[in-house]
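Below is one structure; the comments refer to it alone.
Note: hydrogens, waters and symmetry copies are ignored here, and every other heavy atom, side chains too, is used.
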Amino acid sequence: MTERRPRMSEEEHVVLQFRPRGRADLPKHHRPPENTADARSPDKTDRPPPRGDQPDDFRHRMQANVAAMAFTIALIAVGLWLAKNIADLRDIQDCVQMGLRGCAHISTPPS
């Protein structure tokens, strides 16, 4: 049996040239001062200044972090519950396949 491959002309093959990007220049208001003796003082951090006139909203950031943490904890809890239920069902199925009786745990109210 022979392999059939679609025929491709040389026009369909295209080689793209990879050109690495150059480093973008910083805007004028973010450039570090040049040729000054007090350019970097030890108490200043390397954090860039806030963008424009918008101050950082730490309260909103903390609320978003708490919401993300709650969502993560909920996902972990659901995953653990699901794993436990799957393990219990697997044990019951193994018991039934061995031909044993009384495999399922049935809770009845006391009389």
Do Trp81 and Ile86 land in one hydrophobic cluster if side-chain heavy atoms of ILVMFWY residues count as linked below 4.5 Å?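 Yes, it is one cluster - the side chains of Trp81 and Ile86 are joined through contacts under 4.5 Å.
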How many angstroms lie between CG in Asn85 and CG in Leu80, if you round to the nearest 0.5 Å?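 Those atoms lie 11.0 Å apart.
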Applying side-chain contact (heavy atoms from CB on, under 4.5 Å), can you list everything that pairs with Ile73, at least two apart in sequence or on another chain? Met69
Does a salt bridge link Asp88 with Lys84, judged by any charged N lying under 4.0 Å from a carboxylate O?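 Yes, Asp88 and Lys84 are salt-bridged.
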Go through the steps for Gln93 and Leu89 under the test side-chain contact (heavy atoms from CB on, under 4.5 Å), then give the verdict. CA-CA 6 Å; Gln93 187 178 16; Leu89 289 174; over 6 Å; no
Exercise: identify the closest heavy-atom pair between Val96 and Cys103: N-SG, 3.6 Å
